[in-house]
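The structure displayed is predicted, hence computed values, not measured ones.
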Amino acid sequence: MDHSAHHTGTAHDGSVNQAHAGHAGRRSGGVTWGTAAKATLHCLTGCVIGEILGMVIGTALMWGNAQTMILAITLAFVFGYSFTLFAVRRTGLGFKAAVKVALAADTVSIAVMELVDNGIIALTPGAMDAHLSDALFWTALLGGFAVAFVITTPVNKWMIGRGKGHAVVHAHH
């Protein structure tokens, strides 16, 4: 089966959509919410690890809010991509091809999550100035991730149903 459509962004034929049918439970146009939630949780895990690590590092170095947030967002992308990168590398895919798959699979998902999560943190009064030991910090951060999960899951469902996002990874399972 030719999966080149996953890498070129060209239209998918029926055989490619069938490749997703087993993973999604139905043809890709009918992707299950469970599949979308799993893809979202996968990205969210990397985002959480990267963002918390960035916050801890920025706080430990006594950086300002902007520098700490930039580091946290950068690490969220790094960890989010790395989870997919390592998974597809285990299937035997070369490094360069695996990077392309990770970028295609996770960029939109991570971007939406980070936009929502960091937007909530920035808009929560006092959260940007809260310390790691403050309940406000953790409430805003974890609440932001919860809202980001809820908003990103339909985005991932829509993308997977069109052979994009995590559908690209499914071709390598």
### Task
Examine Ile57 and Phe137 and state if one hydrophobic cluster contains both, with Ile, Leu, Val, Met, Phe, Trp and Tyr joined whenever side-chain heavy atoms are less than 4.5 Å apart.
no

### Query
Asn156 and side-chain contact (heavy atoms from CB on, under 4.5 Å): which partner among Leu41, Val108, Asp106, Thr40?
Thr40

### Query
Where do Ile160 and Ala36 come nearest, in terms of heavy atoms and distance?
CD1-CA, 4.3 Å

### Residue that, paired with Asn118, satisfies side-chain contact (heavy atoms from CB on, under 4.5 Å) out of Leu141, Leu123, Ile73
Ile73

### Message
Once rounded to the nearest 0.5 Å, what's the spacing between atom OG1 of Thr74 and atom CE of Met69?
### Response
12.0 Å

### Query
Looking at Ala105 and Thr84, what are the two nearest heavy atoms and their distance?
CB-CG2, 4.3 Å

### Message
Quick check: do Asp117 and Val147 have side-chain heavy atoms less than 4.5 Å from each other?
### Response
no

### Query
Lys157 side chain to Val31 main-chain N or O, any donor-acceptor pair under 3.5 Å?
yes

### Task
Would you check if Phe77 and Cys47 make a side-chain contact, meaning some heavy-atom pair closer than 4.5 Å?
no

### Task
Please tell me if the side chains of Phe83 and Ile49 come closer than 4.5 Å, counting only heavy atoms from C-beta onward.
yes

### Query
Are any of the side-chain heavy atoms of Met113 and Phe145 separated by less than 4.5 Å?
no

### Message
Once rounded to the nearest 0.5 Å, what's the spacing between atom CE of Met55 and atom CH2 of Trp138?
### Response
9.0 Å

### Task
Identify whether Ile110 and Phe79 are in the same connected component of the hydrophobic contact network (ILVMFWY, side-chain heavy atoms under 4.5 Å).
no

### Query
According to a 4.5 Å side-chain heavy-atom criterion applied to Ile, Leu, Val, Met, Phe, Trp and Tyr, with indirect links allowed, do Phe149 and Val116 form part of one hydrophobic cluster?
no

### Query
Any link between Trp158 and Val112 through a network of hydrophobic side chains (Ile, Leu, Val, Met, Phe, Trp, Tyr) touching at under 4.5 Å?
yes

### Query
Minimum heavy-atom separation for Leu75 to Gly50, with atom names?
CB-O, 3.3 Å

### Message
Using the rule that Ile, Leu, Val, Met, Phe, Trp and Tyr join whenever any side-chain heavy atoms are under 4.5 Å apart, tell me whether Leu61 and Leu132 fall into a single cluster.
### Response
no

### Query
Could you state the interatomic distance from NZ (Lys38) to NE2 (His42), rounded to the nearest 0.5 Å?
12.5 Å

### Task
Take Leu44 and Thr152, measure what side chain to side chain contact (heavy atoms under 4.5 Å, CB included) needs, and give me the verdict at the end.
CA-CA 9 Å; Leu44 183 64; Thr152 307; over 6 Å; no

### Query
What is the distance from atom CD1 of Ile120 to atom OG1 of Thr139, rounded to the nearest 0.5 Å?
12.5 Å

### Inter-residue atom distance Met159.CE - Thr107.OG1, 0.5 Å rounding
8.5 Å

#### Entry: Val56 backbone acceptor or donor facing Thr59 side chain under 3.5 Å
no

### Task
May I ask you to decide if Ala127's main-chain N or O and Thr124's side chain share a donor-acceptor pair within less than 3.5 Å?
no

#### Entry: CG-OH distance between Leu103 and Tyr81, expressed to the nearest 0.5 angstrom
5.0 Å

### Message
If you define the side chain from C-beta out and look only at heavy atoms, does anything of Phe95 sit under 4.5 Å from Leu85?
### Response
yes

